[in-house]
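A short write-up of the structure that comes next.
Every chain is numbered from 1 and lettered A, B, ... according to where its sequence line falls, protein lines coming before strand lines. If you're wondering where the values come from, they're calculated on a predicted model, not measured in any experiment.
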Amino acid sequence: MSGKSHPGQWFFGRFGGAAHGRGIIAAAALLAVGGLTACATPPPADDKEAVAAYREANDPLEPLNRYLFEVNLGLDRLFLRPVAEIYRGALPDPAREGVRNFMNNLDTPSIFVHDVLQGESERAGDSIGRFTTNTFYGVGGIFDVAEGDLPDDLEAGIPYHGEDLGQTLAVWGVGPGPYLMLPLLGPSNLRDAIGLAGGRYLDPLHYLVPRDRRTGFSIARATVGGLDLRARNIETFDEIERGAIDFYATVRSLYRQHRKAEIANGRGPANPLPEMSDEIEEDNKAERVSATNK
Amino acid sequence: MGGRRAVLLAAAVLLALAGPAQARPLAAGEATEFIEELGNRAVAMLSDTDTTQRHKTRQFRQLLRQDFALKGIARFTLGRYWRRANAKQRSRYLFLFEDYVVNSYAARFGSYGGETFTIVDERINDRGRAMVSTRINRKGGKPVVVQWHVHERDSRIKIVDVVIEGISMSMTQRSDFAAAIRSAGGDLDAFLDTLADKARKSAAE
């Protein structure tokens with residue numbers, strides 16, 4: 001879940017990378033209540049294309065989700081964004097880089113656990129290597145010495161990769177379930193929300209923290225991680241909002257695609273090309289046919 | 001009746017002469033060469049401090065028309081509503097779509113910060129379409145992986161989709177448009193008005 005900086009990622013859940021059990025319970029309660037009253041109306045079964053579009057969006061709670069999205073955006077404008085701007089203005093780039101490296105290193109034991117659970121032995125080795133190297137030679141993880149000298153020397157180092165419980169569940173065959181907009185935490189789906197709530201129990205670090213400090217530790221981690229991610233994506237986020245006609249639907253699509261790519265670990269079928277080109281060609285054919293008929 | 005048949009015949013002959021739009025499978029390296037050349041042109045354009053924003057926008061529009069399968073992308077993006085649209089709506093949409101794309105990207109020209117690109121690899125699928133992976137290197141940031149999906153049609157290589165860190169631009173746009181049309185109650189004309197508005201707005205910024 002703890003993504004590296006790339007476009008359009010503020011909302012991809014660094015928020016609560018580790019925890020927030022209580023928030024999730026509150027969200028679930030809200031959703032349960034809301035679900036009774038606000039459900040998207042499915043299209044009539046004979047409109048096949050509309051049904052396909054409805055399934056693709058996979059968002060039966062859309063009215064409630066849209067409401068929570070607006071609430072989140074409001075909170076962002078009031079608190080998160082201004083604080084992120086102050087954070088970015090107050091700390092120079094290398095200092096923020098240090099914070100990010102430190103947070104990434106803190107996540108690495110948990111990432112290792114998920115590498116193993118997903119049967120990714122090579123990536124598990126990468127995680128061990130990164131954690132030991134950065135903890136000892138990178139002053140407790142403040143410097144990412146393991147990744148090597150980017151971008152000139154990419155092959156020499158071990159670049160960071162993220163993993164979380166939601167991804168592990170996906171690898172095990174659990175489907176995403178309905179799309180969910182979580183209060184404060186942003187876009188998710190049923191599987192990833194469960195992963196978010198349960199992930200801390202698979203994090204070795206969690207058990208090193210005294211029992212009565214665990215919740216505070218999780219919240220602090222999530223807050224710093226979320227703040228850093230927001231600060232890195234101020235312009236990107238603005239651009240997406242400015243360009244979109246339906247911002248909510250755009251974010252929903254971005255989240256789905258982003259998670260798919262994360263789960264695929266950079267290989268396999270996260271490739272929309274065949275499907276898309278077929279459609280382009282089909283349309284071409286259809287047009288040619290209608291041109292001959294005229 | 002006879003006149004109509006003659007027209008039909010003429011159309012058929014023309015079509016036979018022109019042949020169907022040929023989709024030739026790409027050979028290894030062709031797509032990479034295309035992307036490399038295009039990327040160099042784009043970097044040269046973006047880093048040129050002597051040209052005005054207006055001129056850059058014009059250059060970008062030309063590049064878009066020439067090197068992107070713009071009509072195909074536009075059609076894909078409108079999805080099922082394309083098939084329902086009448087000829088007038090279609091041509092208006094194609095016109096607006098180009099403006100919308102040009103204007104939303106032109107707004108970002110100013111934020112170019114010396115990024116460079118490196119070709120990572122090229123893959124060709126069983127239908128002869130290629131996917132070229134590139135790494136966009138940023139100063140003081142992590143590199144971003146961008147994949148360019150290209151095909152050849154009528155002996156021109158064109159980009160069909162751009163996928164940034166696993167996120168397809170066409171797919172995202174399609175979701176956006178689908179939702180916008182649905183909230184307009186399926187009224188395509190109302191949606192086109194919104195699109196026109198959006199294209200104008202981003203041009204003004």
Side-chain angles (χ1 to χ4, degrees), chain A residues 3-9 49-50 52-53 56-57 93-94 97 147 150-152 154 159-160 232 235 239-240 242-250 252-254 256-262 264 266 270-281 283-288 291-294, chain B residues 7-8 11-12 15 20-21 23 69 71-73 75-76 79-80 82-83 100 104 107-108 111 116 118 125 127 129 131 135 137-138 140-145 147 149 151 153 160-161 163-168 170-180 182-183 191 194-195 198 201-202 205:
Chain A
K4 275 285 165 183
S5 81
H6 47 73
Q9 239 210 356
E49 286 181 319
E56 192 190 82
D93 280 356
E97 176 99 37
E147 81 178 347
L150 289 166
D152 312 313
L154 198 72
Y160 170 88
R232 271 182 290 145
E235 280 76 24
E239 263 167 27
I240 295 169
R242 202 184 316 130
I245 295 179
D246 188 324
F247 190 32
Y248 170 85
T250 302
R252 185 174 62 195
S253 175
L254 290 172
R256 187 182 56 232
Q257 295 183 64
H258 172 75
R259 287 300 278 173
K260 229 178 173 174
E262 276 196 326
N271 170 7
L273 176 67
E275 186 192 330
M276 181 179 157
S277 297
D278 282 350
E279 194 153 338
I280 289 175
E281 259 143 59
D283 282 342
N284 271 340
K285 261 183 238 151
E287 262 176 27
R288 235 169 285 135
T292 24
N293 288 342
K294 262 168 208 164
Chain B
V7 169
L8 230 154
L15 261 167
K71 202 174 165 193
I73 294 169
R75 259 196 310 253
F76 173 80
R80 61 204 175 100
W82 174 264
R83 283 179 285 268
Y100 173 72
S104 46
R108 305 180 196 179
S111 56
T116 58
T118 322
N125 75 5
R127 293 183 187 180
R129 291 174 202 132
M131 189 176 86
R135 212 168 50 222
N137 312 302
R138 304 181 294 162
K142 305 280 179 284
V144 177
V145 176
Q147 291 167 333
H149 295 206
H151 73 186
R153 182 170 294 284
V160 211
D161 196 9
V163 179
I164 304 173
E165 294 279 345
I167 292 169
S168 149
S170 308
M171 199 69 103
T172 307
Q173 202 61 69
R174 178 176 155 117
S175 311
D176 184 12
F177 284 4
R182 218 189 37 172
S183 29
F191 164 74
T194 315
L195 189 62
K198 199 83 190 173
K201 235 185 236 163
S202 45
E205 268 160 348

TODO: Supply the atom-to-atom distance A:H258 NE2 to B:T172 OG1, rounded to the nearest 0.5 angstrom.
DONE: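 Result: 12.5 Å between the selected atoms.
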TODO: Rounded to the nearest 0.5 Å, what's the gap from CG on A:L254 to CE on B:M171? Could you check?
DONE: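 So the gap between those two atoms works out to 12.0 Å.
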Open item on the list: Between B:T118 and chain A, with a heavy-atom cut-off of 4.5 Å, which part of the residue counts as in contact: side chain, backbone, both or neither?
Closed with: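 For B:T118, neither part sits under 4.5 Å from chain A.
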TODO: Using non-hydrogen atoms and a 4.5 Å limit, figure out which bit of B:A178 sits close to chain A: side chain, backbone, both or neither.
DONE: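 Neither part.
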TODO: Write down the atom of A:A249, the atom of B:A179, and the distance for their closest heavy-atom approach.
DONE: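 For A:A249 and B:A179, the tightest heavy-atom pair comes out as CB-CB, 3.2 Å.
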Task: Atom of B:S168, atom of A:Q257 and distance for their closest heavy-atom approach - done: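 Shortest heavy-atom contact: N-OE1, 2.7 Å.
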- [ ] List in chain and number order the residues that pass side-chain contact (heavy atoms from CB on, under 4.5 Å) with B:S175, two or more places apart in sequence or in another chain; answer none if no residue qualifies.
- [x]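 With sequence neighbours excluded, B:S175 shows a side-chain contact (heavy atoms from CB on, under 4.5 Å) to A:S253, A:R256, given in chain and number order.
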Task: Flag, side chain of B:D176 to backbone of A:T250, donor-acceptor distance under 3.5 Å - done: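 No.
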Open item on the list: I'd like to know if the side chain of B:K198 reaches the main chain of A:R242, judged simply by a donor and an acceptor atom lying under 3.5 Å from each other, with no hydrogens or angles considered.
Closed with: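 Yes, the answer is positive, given that a donor and an acceptor are paired below the 3.5 Å cut-off.
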